[in-house]
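The structure displayed is predicted, hence computed values, not measured ones.
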Amino acid sequence: MRRLKTIVSLLLVFVLAAAPFCGVVSFAEGEQYTLGDLTGDGKVKSADARIALRIAARLETAEKDSPEFKAADVDGDGKIKSSDARMILRVAAKLESFGPQDPPSEEKTVNVGTGEMTGNFSPFFSDNAYDEDVISLVAEPLLSGDPYGKIVEKGIGNGGIADVTVTQNADGSVDYDFTLADGVKFSDGKPLTVDDVIFSMYVLSDPLYDGTRVFSTLPVEGMAEYRERVCSLLDAIAVAGRDNTDHTMFTADRQAAFWASYDAAVPALAEEIVGFCREQGYGDSVSECAAAWGFDVPADGDIGDLADALEETYGGDIGTMILYESAGSSVTDLFPDYYDYAYTPLATGKGADHISGIVKTGENSLRVHMTEFNATSLYHFCFYVAPLHWYGDEAIFDYENHRFGFDEGDMASLHAKDAEPLGAGPYALKRFENGVASFEANGYFYRGAPKIKNLNVIDFGNKNGVTELLNGNLDIVSPVWVDVNVNAVREANGGGLTGGKIVTYEVDTLGYGYVGISANAVKVGRDPGSDASKALRKAFATVLARYREESVDHYYGDIADVIEYPISDTSWAAPRPGDEGYRAAFSTDAGGSDIYTPGMTEEQKDAAALQAALGFFRAAGCVVENGYVVSAPAGASRTYDVYAPGDGRGDHPLYRMFTRAAAALKTIGVTLNVIDVQNGQDMFDLIVQDRAPMWCAAWGSTVDPDMYQVYYSGVESGLQPGGSNYMYDVADAELDRLILDARASADNEYRKGVYKKCLDIILDWAVEIPAYQRKSVVLFSAERINTDTLPRFVTPYYGWIHEIENLEMN
């Protein structure tokens with residue numbers, strides 16, 4: 001009662017002007033009501049808020065079907081709560097409105113250029129950078145960062161939807177207390193509530209969650225117990241084994257069908273491997289082909305022997321087996337019913353039916369209790385809040401009875417909305433077709449409806465972004481910032497990068513370019529982590545690294561720099577010249593001596609790189625005679641493919657590096673086949689299958705330098721690997737330990753030292769050659785965009801899209 005009196009007294013403090021008449025709705029009996037107007041005088045005043053508060057406190061009553069009740073239930077959830085009263089008070093004070101704001105008077109359209117979108121616009125499952133751009137227009141994160149990359153803990157009133165208070169407890173545990181802003185709505189007008197946040201957390205925590213977010217790796221109390229609750233039908237049958245007689249969880253027929261499909265898939269996979277190796281000239285017999293692939297098969301062995309070797313390595317894990325060992329086919333090519341088994345959830349009878357550390361503390365607040373400190377936690381709360389009513393099922397959300405809006409393990413129902421996103425962001429997606437995502441302004445957007453009603457995000461494919469901007473097909477574009485485009489902008493503006501035609505925003509890219517080497521595809525024998533395997537990869541890395549600077553300078557000129565560690569130079573954790581232990585990547589030979597010395601000519605450096613490479617080839621077990629590699633050990637080869645997404649015309653900053661390295665290696669008996677890929681997705685499909693031994697691409701970086709996603713393997717901990725670990729297949733217990741150590745500290749100086757050790761291990765595995773840090777630009781048409789409405793301050797962490805609601809057209 002004392003708390004209620006305090007709230008009422010606070011409401012009474014305000015002397016508020018009445019808001020204009022709004023929100024008139026007709027209902028079945030022909031009566032009318034105005035949202036927020038409980039007195040029926042056609043105005044929304046503080047007196048209405050007081051009545052709503054008394055109803056919420058059960059000091060007054062209102063029949064559920066009465067106009068008074070409907071006027072008070074401003075968020076439309078069928079209840080009258082103190083948050084409804086707060087909203088009425090804010091409307092009375094003209095701080096907010098109940099309904100969508102009036103659309104802009106002119107229905108103008110802004111066209112934004114982008115790369116290839118796949119159409120997976122799910123806030124849970126998307127993994128394409130251009131798809132993520134679409135999601136950022138549609139959805140809002142629980143927490144977000146400031147222009148310097150720091151998480152905004154007091155987001156309400158500062159451009160965010162929530163506040164968080166972090167409390168480190170005496171026992172080492174940590175509490176994260178969240179409060180949601182009042183009045184935030186999704187683009188369909190439904191309120192964003194704490195139930196939506198809890199629903200989103202449970203999706204990301206589900207045992208069968210198959211997206212790339214790693215929220216479930218946080219030390220949330222009860223997370224491990226909850227994730228024991230469900231397993232897939234595939235895992236249940238595989239773990240039970242062929243001779244299982246307990247059919248409590250699945251039928252005997254399902255078990256028999258699984259193993260029949262398995263017994264067909266493994267020999268088919270073995271046949272494919274042998275066929276591929278024969279085509280590539282790696283061998284003729286099954287034994288020779290198996291050795292080239294990294295498996296030991298007797299000299300007179302057959303396909304069945306290779307199939308046995310595959311099964312011995314992977315057991316019943318058919319999905320991983322095909323993923324890692326396929327020479328072309330997908331999982332469903334070899335095991336057609338795989339996803340039926342993988343997506344069928346089964347209750348294990350173990351664990352807990354909820355996550356004890358996720359606690360609803362009020363109608364607009366919750367607490368997440370973690371058992372220990374984790375430095376990355378705040379960044380993992382930057383997930384998009386997804387509407388329960390759209391992605392899940394409100395009928396099965398019952399917090400008190402541990403139901404969270406979807407059936408545990410049911411990813412299929414969540415994937416059904418992958419192409420139909422809904423959120424609380426500034427725009428709503430209307431359609432996606434022919435490479436164009438079309439949006440309409442969200443009138444309910446909590447920071448104010450965007451001033452430009454229509455927006456198109458357009459895949460401009462192989463067309464030149466600057467040309468498309470100048471000819472009026474695009475209004476905003478981020479082209480590759482190479483000399484030809486720099487010169488075109490200067491020419492259009494009469495000399496400057498910003499002028500009467502084009503306004504240029506230039507920042508360091510939050511990411512970096514690299515060369516990847518698959519540890520599973522480039523190895524000696526069967527152990528990708530052996531000294532011999534590392535030496536083999538270092539031989540190639542040494543020669544490739546020699547030509548980085550030439551290639552990057554040729555493509556980018558002054559707008560990119562060569563980097564020496566696999567981390568973006570925008571990160572506070574990136575090693576700097578002068579730091580202890582800093583050295584150029586792949587600049588020492590097999591004996592640890594410097595390859596290059598001061599005063600060397602370019603020709604001498606070329607020769608020194610090849611001599612160092614020969615030393616690494618010897619260390620890998622290759623036979624080297626008279627400066628020529630004449631044979632490779634079992635599981636290795638003298639010929640490898642390297643992929644560059646150069647659009648079939650060498651249009652990639654590292655393409656020149658590949659061709660130069662290939663020419664150099666040819667002189668010592670080693671072949672690099674440089675493959676220019678027109679469709680980048682084709683290359684990434686090969687990477688997933690370990691069929692791309694080497695490739696070049698670019699990583700996008702997160703604000704926090706946490707390395708879990710890419711490098712963590714879980715070889716000792718049993719924790720799940722990072723979602724992108726498959727790229728390099730690093731499996732190193734010491735690296736895993738260091739990654740977890742860095743997560744456990746709040747001391748960034750300590751963390752920087754730990755990350756330096758991590759980077760050294762990654763370079764020792766020679767799975768990644770750091771290449772370049774470039775600048776990114778966004779170009780705006782000064783003729784069509786009102787550039788006075790652009791943000792005044794942009795950084796790698798804060799771009800023009802963060803204030804898109806303020807953007808206007810001329």
Side-chain angles (χ1 to χ4, degrees), residues 108-118 128-137 426-427 429 432-439 450-452 454-494 496-511 513 555-557 559-560 645 647 651-653 680 698 700 774-791 794-796 798-810:
K108 294 183 177 180
T109 300
V110 61
N111 293 318
V112 182
T114 190
E116 184 180 359
M117 297 168 282
T118 71
N128 172 290
Y130 304 115
D131 291 344
E132 290 279 349
D133 288 342
V134 170
I135 299 167
S136 71
L137 291 168
Y427 281 89
L429 181 69
F432 173 61
E433 55 190 18
N434 300 321
V436 179
S438 299
F439 302 82
K451 294 181 172 59
I452 300 174
N454 302 307
L455 182 147
N456 293 327
V457 175
I458 303 170
D459 174 7
F460 61 97
N462 298 330
K463 299 174 184 176
N464 182 279
V466 178
T467 301
E468 293 296 291
L469 191 78
L470 290 172
N471 66 21
N473 291 332
L474 296 175
D475 303 309
I476 303 171
V477 69
S478 181
V480 177
W481 202 222
V482 294
D483 284 346
V484 63
N485 285 334
V486 174
N487 294 335
V489 172
R490 291 188 184 279
E491 182 179 352
N493 283 332
L497 292 178
T498 290
K501 293 282 188 179
I502 296 173
V503 169
T504 301
Y505 276 18
E506 185 181 72
V507 297
D508 287 329
T509 302
L510 190 59
Y555 193 87
Y556 280 124
I559 60 171
D647 196 31
D651 186 16
H652 192 280
R774 68 175 176 87
K775 291 186 181 298
S776 292
V777 299
V778 183
L779 307 181
F780 302 87
S781 169
E783 297 177 315
R784 295 182 298 281
I785 298 294
N786 178 355
T787 55
D788 289 338
T789 62
L790 291 171
V794 296
T795 72
Y798 191 90
W800 68 276
I801 204 168
H802 286 81
E803 298 180 20
I804 194 172
E805 69 274 12
N806 299 323
L807 194 66
E808 296 178 5
M809 300 189 77
N810 292 326

Query - Between Asn473 and Asn111: side-chain donor-acceptor atoms closer than 3.5 Å - result: no
**Report entry** Met117 CE to Glu132 CD distance, which is reported to the nearest 0.5 Å
**Finding:** 13.5 Å
Query raised in the report: Which pair of heavy atoms, one from Ile801 and one from Ser136, lies closest together, and at what distance?
Result: CD1-OG, 3.7 Å
Query - Shortest non-hydrogen separation from Gly500 to Ala782 and the atoms involved - result: O-CB, 3.4 Å
Report summary line: Minimal heavy-atom distance between Val466 and Ile502, with the atoms involved, is CG1-CD1, 4.4 Å
Query raised in the report: Do Leu510 and Thr795 have side-chain heavy atoms sitting under 4.5 Å apart?
Result: no
**Report entry** For Phe432, ring pair (Phe, Tyr, Trp, His ring centres under 6.0 Å) partners two or more places apart
**Finding:** Phe121
Query raised in the report: Does Asn810 reach the main-chain N or O of Ile785 with its side chain, forming a donor-acceptor pair under 3.5 Å?
Result: yes
Report summary line: In this structure, OG1 of Thr498 is separated from CZ of Arg490 (nearest 0.5 Å) by 10.0 Å
Query raised in the report: Do the side chains of Met809 and Asn786 get nearer than 4.5 Å, heavy atoms only?
Result: no
**Report entry** Distance-minimising heavy-atom pair for Pro791 and Gly799
**Finding:** CG-O, 4.3 Å
Report summary line: Tested for side chain to side chain contact (heavy atoms under 4.5 Å, CB included) against Ile804, the lone hit among Leu137, Val110, Ile452, Leu790 is Leu137
Report summary line: OH (Tyr798) and CD (Glu803) are apart, to the nearest 0.5 Å, by 3.5 Å
Report task. Could you pull out all residues at least two apart from Thr787 that satisfy side chain to side chain donor-acceptor pair (under 3.5 Å)? Result -> none
Requested in this report: Report yes if the side chains of Asn806 and Lys451 come closer than 4.5 Å at any heavy-atom pair, otherwise no.
Outcome: yes
Requested in this report: Can you see which heavy atom on Gly680 is nearest to which on Pro645, and at what distance?
Outcome: CA-CB, 4.4 Å
Query raised in the report: Which of these passes side chain to side chain contact (heavy atoms under 4.5 Å, CB included) with Thr114: Asp133, Asp131, Ile476, Asn456?
Result: Asp133
Query raised in the report: Is any side-chain heavy atom of Tyr556 closer than 4.5 Å to a side-chain heavy atom of Val482?
Result: yes
Query raised in the report: Between the side chain of Ser781 and the main-chain N/O of Leu469, is any donor-acceptor distance below 3.5 Å?
Result: no
Report task. Any chance you could measure Thr109, atom OG1, to Phe439, atom CZ, to the nearest 0.5 Å? Result -> 12.5 Å
Query - Atom OH of Tyr505: over 12 foreign heavy atoms under 6.0 Å - result: yes
Query raised in the report: Under 4.5 Å between any side-chain heavy atoms of Val777 and Pro479, yes or no?
Result: yes
Requested in this report: Determine whether Tyr130 and Val457 make a side-chain contact, defined as any pair of heavy atoms from C-beta on separated by less than 4.5 Å.
Outcome: no
Report task. Measure the CG-OG1 distance between Leu474 and Thr467 for me, rounded to the nearest 0.5 Å. Result -> 10.5 Å
Query raised in the report: Quick one: are Glu468 and Val477 in side-chain contact, heavy atoms under 4.5 Å?
Result: no
Query - Spacing of CG belonging to Asp508 relative to OG belonging to Ser776, to within rounding of 0.5 Å - result: 8.5 Å
Query - Atom of Leu470, atom of Ala492 and distance for their closest heavy-atom approach - result: CD2-CB, 3.8 Å
